[in-house]
Amino acid sequence: MVVTLTDEKDSASIKKSLDDTVHKLEQGTSSSKSWSSTMTSNREEWEELKAKIGERQRELKELVNEKKAGSIGQDEFDLKFRKIQDELTELEFQVYNMRLGTDVRV
């Protein structure tokens, strides 16, 4: 959908949607309770996401250590780094979607 500045109804709808999303991300009491409720109802999925994120972060740390040690070249580092970063981004979007109850994709 393309929104033009003259289309006030669509513009207002988009603004409301963005305001709702920002409100859900605020670190207030209601958002904490909402997040806690989401975590409880999706405990298994949350634990799986945390484990995957931790694993990718360890892989990233190992990759940086390999680069510092000279075990891999810059090109190989760049390829692997980009791949791990993309995987982390996807996992982070899954966490945000869980928290917001949305289906935003990378």
Minimum heavy-atom distance between Phe81 and Leu63, given as atom pair plus value: N-CD2, 3.4 Å
Point-to-point distance, once rounded to the nearest 0.5 Å, from [atom1] of [X] to [atom2] of [Y]:
| X | Y | atom1 | atom2 | result |
| --- | --- | --- | --- | --- |
| Asn97 | Leu49 | CG | CG | 10.0 Å |
| Gln57 | Lys52 | CD | NZ | 14.5 Å |
| Arg82 | Thr89 | CZ | OG1 | 12.5 Å |
| Lys80 | Leu60 | NZ | CG | 12.5 Å |

Val95 with Leu88, same ILVMFWY side-chain cluster at under 4.5 Å: yes
Reference residue Glu87; test side-chain contact (heavy atoms from CB on, under 4.5 Å); the match among Glu90, Gln85, Lys83: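 Result for side-chain contact (heavy atoms from CB on, under 4.5 Å) with Glu87: Lys83.
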Glu76: which of Asp78, Ile72, Leu79 passes side-chain contact (heavy atoms from CB on, under 4.5 Å):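 It is Ile72; the other options fail the test.
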Aromatic ring pairing Tyr96/Phe93, orientation class (parallel under 30°, perpendicular over 60°, tilted between):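 Tyr96 vs Phe93 ring planes: perpendicular.
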Ionic contact status for Glu47 with Lys50, cut-off 4.0 Å: yes
N-O pairing of Glu62 and Arg58 below 4.0 Å: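 Salt bridge: no.
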Full working for side-chain hydrogen bond (donor to acceptor under 3.5 Å, both in side chains) between Gln74 and Lys67: CA-CA 8 Å; Gln74 186 66 43; Lys67 174 68 172 112; 3.2 Å; yes
